[in-house]
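See below for the structure under consideration.
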Amino acid sequence: KGVRLMVPLGSIPEGNSWEMYITVNHGETSLLPEGGEILLSPEVTCGPPGLSLSTPVALTVPHCAMVCPEHWSIKLKRQVLTGKWEEVMSLEDETTSCYCLMDLHSCHILLEQLGTYALVGEALTGCAEKRLKLAVFGQLSCSSLEYDLRVYCVDDIPSTLQEVMTEERNQGGHLLAEPGTIHFKANSYGLQISLLDMPQFLWRVKPLTLFQEIAFSQIWSRSQQPLPCAFRVERFNSATTQLSCKICIRQLKGDELFFQINTSILEGEREVVLLCAQVASGVAGIAGPKPFKIPYSIRQKICSTFDIPSATGKDWRLLAQKLHIDRNLSYFAIKSSPASTILDIWEAQHQHDRDLDSLASALEEIGRIQAPNSMTLDGDGDEADYNYGG
């Protein structure tokens with residue numbers, strides 16, 4: 001579901017054993033955003049609360065914002081014991097309380113205190129955008145002449161779409177097309193949803209409307225999710241078993257998306273069920289069993305090299321810069337091993353691509369490691385063909 005918790009070696013004090021957990025709140029949120037803030041991520045709880053950590057753990061949560069500092073003010077909030085929420089940090093701040101690294105779809109957070117966290121954001125301009133996921137569903141079977149096309153609009157967060165798919169499957173529904181994404185602007189215009197190219201001699205729309213609209217406030221603030229929009233169509237004859245049409249979703253002065261619907265009312269059910277299952281499988285994808293890919297011996301050598309302040313500037317600060325972790329450096333400065341903490345957040349960010357070549361390139365560029373181009377850090381043991389220079 002896009003949520004992960006990485007516990008680096010040394011986070012749990014030696015000699016201790018803890019059962020840790022992570023959960024996503026699927027119910028109604030207890031976080032009431034202030035002013036113009038909106039919720040950008042699910043509420044995620046990692047525990048047990050009160051656990052004493054020796055070094056930070058890395059929590060990854062998905063978000064739906066098109067991140068741009070000029071258009072967004074984004075904050076991390078935490079729920080306290082009283083049930084209220086408090087601000088932990090603004091992503092633009094320099095702070096030593098925690099560290100947040102935003103990428104296109106996720107926020108990677110270094111935490112020293114377990115609990116319940118969520119991201120909120122406030123649009124600074126009308127050009128601020130968040131990603132919406134759109135999906136169209138229909139019934140597996142239809143014994144009457146009527147047939148419903150259901151269009152769902154949710155924030156582009158994996159767990160939210162999965163909830164819709166689970167509910168639809170429980171009611172006998174299936175996907176009629178691959179889900180699509182639209183960039184929704186903070187420009188006060190809602191979504192217009194149109195049903196197009198209906199075979200007029202075979203089908204008609206009930207009631208007599210081909211156009212529906214969802215208000216901006218409903219979509220932007222997530223006051224009600226998921227947001228369904230239904231078109232009821234009717235075939236003139238029970239011998240008609242094919243439905244072909246288009247659905248257009250657009251925002252005025254914004255993005256638009258088209259779905260091409262081709263479905264069989266009585267046949268081809270197995271094929272569409274597989275489509276639903278495949279998409280659901282992709283939504284629920286999780287990281288593999290081995291989250292840490294940098295061999296331990298290599299990590300130790302990197303830390304021993306870069307933790308030592310260098311008069312030439314080739315220390316952990318340059319390592320952070322080359323790994324594009326070059327803001328809020330005061331957070332790393334107070335750590336016993338700044339380089340190790342930098343590698344923790346880098347590994348959290350690169351769980352999917354396991355891009356160890358980029359790490360090797362960064363190290364080589366700094367001049368601390370010289371290695372043939374064919375070499376990578378993708379080793380499982382303590383052996384590696386790297387020459388560490390001074």
Side-chain angles (χ1 to χ4, degrees), residues 132-156 160-182 184 189-219 222-252 254-280 282-283:
L132 300 178
K133 187 67 74 173
L134 284 300
V136 183
F137 290 84
Q139 292 302 116
L140 284 170
S141 60
C142 181
S143 58
S144 69
L145 295 179
E146 295 179 343
Y147 189 81
D148 287 338
L149 297 167
R150 294 180 296 280
V151 183
Y152 287 87
C153 170
V154 298
D155 286 347
D156 187 15
T160 307
L161 178 59
Q162 190 176 44
E163 288 179 50
V164 172
M165 298 182 69
T166 300
E167 182 66 23
E168 276 288 334
R169 281 199 300 270
N170 291 340
Q171 297 179 7
H174 69 270
L175 276 173
L176 298 181
E178 291 279 355
T181 304
I182 195 170
F184 189 72
Y189 291 102
L191 281 183
Q192 299 176 345
I193 306 176
S194 306
L195 189 59
L196 308 173
D197 297 343
M198 284 290 295
Q200 54 182 320
F201 298 111
L202 300 175
W203 295 85
R204 66 178 178 181
V205 182
K206 297 179 64 178
L208 296 177
T209 176
L210 300 174
F211 174 86
Q212 298 186 41
E213 188 166 7
I214 303 177
F216 172 84
S217 59
Q218 289 181 282
I219 301 170
R222 281 179 65 181
S223 58
Q224 176 191 355
Q225 290 227 358
L227 291 170
C229 173
F231 294 93
R232 174 159 292 182
V233 297
E234 182 181 26
R235 45 189 168 163
F236 293 113
N237 192 307
S238 60
T240 300
T241 60
Q242 299 292 324
L243 173 60
S244 177
C245 63
K246 290 181 181 178
I247 295 178
C248 173
I249 298 102
R250 66 186 296 264
Q251 182 187 26
L252 287 177
D255 207 357
E256 67 178 5
L257 176 68
F258 286 89
F259 287 104
Q260 177 64 56
I261 306 299
N262 293 290
T263 186
S264 173
I265 306 302
L266 300 176
E267 300 175 351
E269 294 181 6
R270 182 175 182 273
E271 179 180 351
V272 292
V273 171
L274 286 176
L275 170 63
C276 191
Q278 289 169 358
V279 175
V283 168

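Keep in mind it's a predicted model, so treat the numbers as computed, not measured.
Among the candidates D155, V154, D156, the single residue satisfying the side chain to side chain contact (heavy atoms under 4.5 Å, CB included) test with L132 is D155.
Contact between S244 and P199 at its shortest, heavy atoms only, is O-CD, 3.2 Å. When all heavy atoms of E168 and Y152 are compared, the pair lying nearest together is OE2-OH, 2.6 Å. In this structure, H174 and Y147 approach most closely via the heavy-atom pair CE1-OH, 4.2 Å.
Within the model, atoms CD1 of I214 and SG of C153 stand 5.0 Å from one another, a figure rounded to the nearest 0.5 Å. Here CG of D148 is found 4.0 Å from CZ of R232. Values are rounded to the nearest 0.5 Å. Distance OG/S238 to CD1/I265: 12.0 Å, rounded to 0.5 Å. Here the straight-line distance linking atom CG of L149 with atom CZ of F231 works out to 8.0 Å at 0.5 Å rounding. Rounding to the nearest 0.5 Å gives a distance of 8.0 Å between OG1 of T263 and CD1 of I261. Put simply, CG on L202 and SG on C245 are 12.0 Å apart, with the number rounded to the nearest 0.5 Å.
Taking the side chain as every heavy atom from C-beta outward, I182 and L191 approach each other to under 4.5 Å. For the pair L175/F137, a side-chain contact is recorded, criterion being any heavy-atom separation below 4.5 Å from C-beta on. Taking 4.5 Å as the limit, every side-chain heavy atom of L243 sits out of range of all side-chain heavy atoms of L176.
The closest donor-acceptor contact from the side chain of R204 to the backbone of M198 lies at 3.5 Å or more, if one exists at all.
Residues passing the ring-ring contact (aromatic ring centres under 6.0 Å, His included) test with F184, sequence neighbours excluded: F216. In this structure, the side-chain hydrogen bond (donor to acceptor under 3.5 Å, both in side chains) partners of T181, at least two apart in sequence or on a different chain, are K133. With sequence neighbours excluded, the residues satisfying salt bridge (charged side-chain N to carboxylate O under 4.0 Å, His left out) with R250 are E256. Scored by the side-chain hydrogen bond (donor to acceptor under 3.5 Å, both in side chains) test, S194 finds no partners at all (sequence neighbours excluded). For E163, the salt bridge (charged side-chain N to carboxylate O under 4.0 Å, His left out) test picks out no residue, with sequence neighbours left out. Residues passing the salt bridge (charged side-chain N to carboxylate O under 4.0 Å, His left out) test with E213, sequence neighbours excluded: none. Under the rule for a salt bridge (charged side-chain N to carboxylate O under 4.0 Å, His left out), D255 has no partner lying at least two apart in sequence or in another chain. Under the side-chain hydrogen bond (donor to acceptor under 3.5 Å, both in side chains) criterion, E167 pairs with Q171, not counting sequence neighbours. Partners of Q139 by side-chain hydrogen bond (donor to acceptor under 3.5 Å, both in side chains), not counting sequence neighbours, listed by chain and number: R150.
Open room surrounds OH on Y189; 12 or fewer heavy atoms of other groups in view lie less than 6.0 Å from it.
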Practice problem: Any chance you could lay out the side-chain contact (heavy atoms from CB on, under 4.5 Å) test for V233 and L195, step after step, and finish with the verdict? | Solution: CA-CA 10 Å; V233 297; L195 189 59; 3.9 Å; yes
